[in-house]
Amino acid sequence: MTANILKLKMLLAVLIASIFSASFVSSADIFYNPAGGGEPNSCGEVSNEIPTTSSSGGFNNNASRLRCITDIDGLKLTLHKAGLCTSAPDTSDPSTDWSSKCVFIINDATGIEVSVTKTSQSSIPENKIDLSGLVEATYTHAVLMVGNSLQTKMNAKFAEDFRGSNGEGPFCYSINASDPGNNPAAYADLAVKCVADEAAMTSQGDHDFSSKQFTSFRSGNSYSNAKTAANGDEVYVFSDMDTIATVANDGSSDATKVVGVLEMATPAVVSPSSTNFDAGFQLTEQGQIRFSGAGVCASASLAGATACITSMRNYGVGFKVTVK
């Protein structure tokens with residue numbers, strides 16, 4: 001099959017709930033849980049406002065270290081690989097046989113910088129797409145590889161005031177700062193600001209992306225370089241374009257990439273009538289808000305165990321692929 005038969009369209013689709021439909025022949029929501037405990041609950045927005053939180057009725061996890069999951073507003077990442085496979089790559093290490101099973105339409109060591117928001121999306125330049133290996137066939141799986149450092153932008157309105165790095169307010173947003181962890185030493189270390197409303201955020205002019213790096217996957221007290229998502233799809237960390245990462249006992253690793261291997265809900269039959277191959281990254285339920293009532297936040301001038309918000313950033317990576 002040549003490029004003039006198959007018009008390939010690479011889009012970073014904005015995946016919101018309204019398009020979670022059967023038109024997607026494959027989907028995977030890949031979550032990474034740094035704490036190794038139970039998955040955080042939804043933040044439970046009602047009319048775009050997150051209701052009052054508490055350690056007794058809170059989201060998860062340990063009283064003064066609550067966290068919850070919500071949507072992100074913007075995502076930046078580096079795309080390295082996108083491919084279709086005629087059968088499943090090896091589940092323990094997909095790189096051992098994906099060269100014989102998969103056709104990589106994108107295979108770029110430098111990477112392609114892309115961004116997604118709820119109102120905009122990045123298109124992949126045509127010169128980054130290689131159709132030379134694509135043939136008419138039935139493809140059962142897809143592979144996506146992205147850099148392991150992802151950047152996300154978030155904001156949220158709450159039913160109560162919280163403490164940010166600059167002061168208190170019911171509207172909090174991400175800034176370009178390092179996550180201080182569960183026990184911040186000073187309010188200035190918090191990776192969010194809290195203000196009166198969205199207009200106040202806009203006037204500050206510093207609503208920015210926070211970064212999160214994926215190095216390993218935790219289960220209990222052990223760490224690994226692979227994880228199976230709830231729907232059976234697989235996610236891995238890789239050290240380079242073709243080598244699965246080596247993970248130490250403490251969870252550190254040589255990872256620089258994250259790989260998702262997705263099984264098609266319905267095998268994709270690529271034919272002369274095929275027009276689109278869309279690769280998307282999910283915004284819904286990919287953001288984590290982390291609260292703290294420990295460290296300096298234990299003496300904050302707010303009631304309850306969730307006095308501070310330490311960070312607002314991505315929790316996992318949601319991969320989506322469709323072929324039409």
Side-chain angles (χ1 to χ4, degrees), residues 11-20 27 29-32 34 40-51 53 59 66-79 113-123 146-166 169-179 190-214 258 278-291 308-320:
L11 294 178
L12 274 294
V14 180
L15 295 174
I16 56 178
S18 64
I19 59 172
F20 280 9
S27 64
D29 303 331
I30 309 299
F31 293 110
Y32 168 67
N41 298 323
S42 169
C43 294
E45 286 94 336
V46 178
S47 300
N48 296 318
E49 181 176 282
I50 296 175
T53 65
F59 308 123
L66 303 183
R67 56 201 175 116
C68 67
I69 296 298
T70 186
D71 300 345
I72 57 178
D73 302 309
L75 171 67
K76 291 183 179 179
L77 53 81
T78 304
L79 178 63
E113 300 301 318
V114 296
S115 64
V116 184
T117 71
K118 292 180 179 179
T119 57
S120 66
Q121 56 196 32
S122 293
S123 295
V146 301
N148 73 324
S149 181
L150 280 76
Q151 294 182 297
T152 48
K153 181 183 282 190
M154 295 176 60
N155 65 71
K157 179 182 179 183
F158 298 88
E160 59 187 319
D161 285 356
F162 284 100
R163 176 82 196 204
S165 65
N166 63 320
F171 192 96
C172 302
Y173 62 94
S174 62
I175 59 176
N176 184 6
S178 300
D179 187 341
L190 303 177
V192 303
K193 283 191 174 182
C194 295
V195 293
D197 49 34
E198 187 171 2
M201 176 189 73
T202 302
S203 67
Q204 291 276 331
D206 56 356
H207 182 21
D208 208 346
F209 287 84
S210 292
S211 298
K212 181 176 181 179
Q213 193 170 70
F214 296 77
V258 178
D278 296 343
F281 299 92
Q282 181 177 328
L283 299 182
T284 55
E285 298 183 347
Q286 293 295 306
Q288 180 176 220
I289 300 175
R290 300 184 69 179
F291 306 86
C308 296
I309 296 180
T310 60
S311 64
M312 301 172 72
R313 60 179 187 173
N314 63 299
Y315 177 62
V317 187
F319 294 108
K320 296 280 186 178

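Residues satisfying the salt bridge (charged side-chain N to carboxylate O under 4.0 Å, His left out) criterion with Asp73, sequence neighbours excluded, are Lys118. Under the side-chain hydrogen bond (donor to acceptor under 3.5 Å, both in side chains) criterion, Thr78 pairs with Glu113, not counting sequence neighbours. With sequence neighbours excluded, no residue satisfies side-chain hydrogen bond (donor to acceptor under 3.5 Å, both in side chains) with Ser165. Evaluation of the salt bridge (charged side-chain N to carboxylate O under 4.0 Å, His left out) rule for Lys193 yields Asp206 as partners, not counting sequence neighbours. Annotation: side-chain contact (heavy atoms from CB on, under 4.5 Å) contacts of Ser311 (sequence neighbours excluded): Asp179, Ala191, Arg290, Arg313. For Glu49, the salt bridge (charged side-chain N to carboxylate O under 4.0 Å, His left out) test picks out Lys157, with sequence neighbours left out.
For Ala200 against Ser203, the heavy-atom pair with the smallest separation is O-OG, 2.7 Å. Nearest heavy atom pair, residue Leu75 against residue Phe209, reads N-CE2, 4.0 Å. Heavy-atom minimum distance, Val146 versus Leu79: CG1-CD1, 4.1 Å.
Using cut-offs of 30° and 60° for the angle between ring planes, the Phe291 and Phe158 rings count as perpendicular.
Without hydrogens or angle criteria, His207 side chain to Ser174 main chain gives a donor-acceptor distance under 3.5 Å. In this structure a side-chain-to-backbone donor-acceptor pair under 3.5 Å is present from Ser210 to Ile175.
Note: Leu190 CG to Arg163 CZ = 7.5 Å, rounded to the nearest 0.5 Å. Residue Leu77 holds its CG atom at 9.5 Å from CD of Gln151, rounded to the nearest 0.5 Å. For the atom pair OG1 (Thr202) and CG (Asp197), the distance works out to 8.5 Å, reported to the nearest 0.5 Å. For the atom pair CZ (Phe171) and CD (Glu198), the distance works out to 4.5 Å, reported to the nearest 0.5 Å. Atom OG1 of residue Thr152 and atom CG of residue Asp208 lie 10.5 Å apart, to the nearest 0.5 angstrom. Atom SG of residue Cys194 and atom CG of residue Asn166 lie 7.0 Å apart, to the nearest 0.5 angstrom.
For the pair Asp161 and Pro170, the minimum side-chain heavy-atom distance is below 4.5 Å. For the pair Met154/Ile289, a side-chain contact is recorded, criterion being any heavy-atom separation below 4.5 Å from C-beta on.
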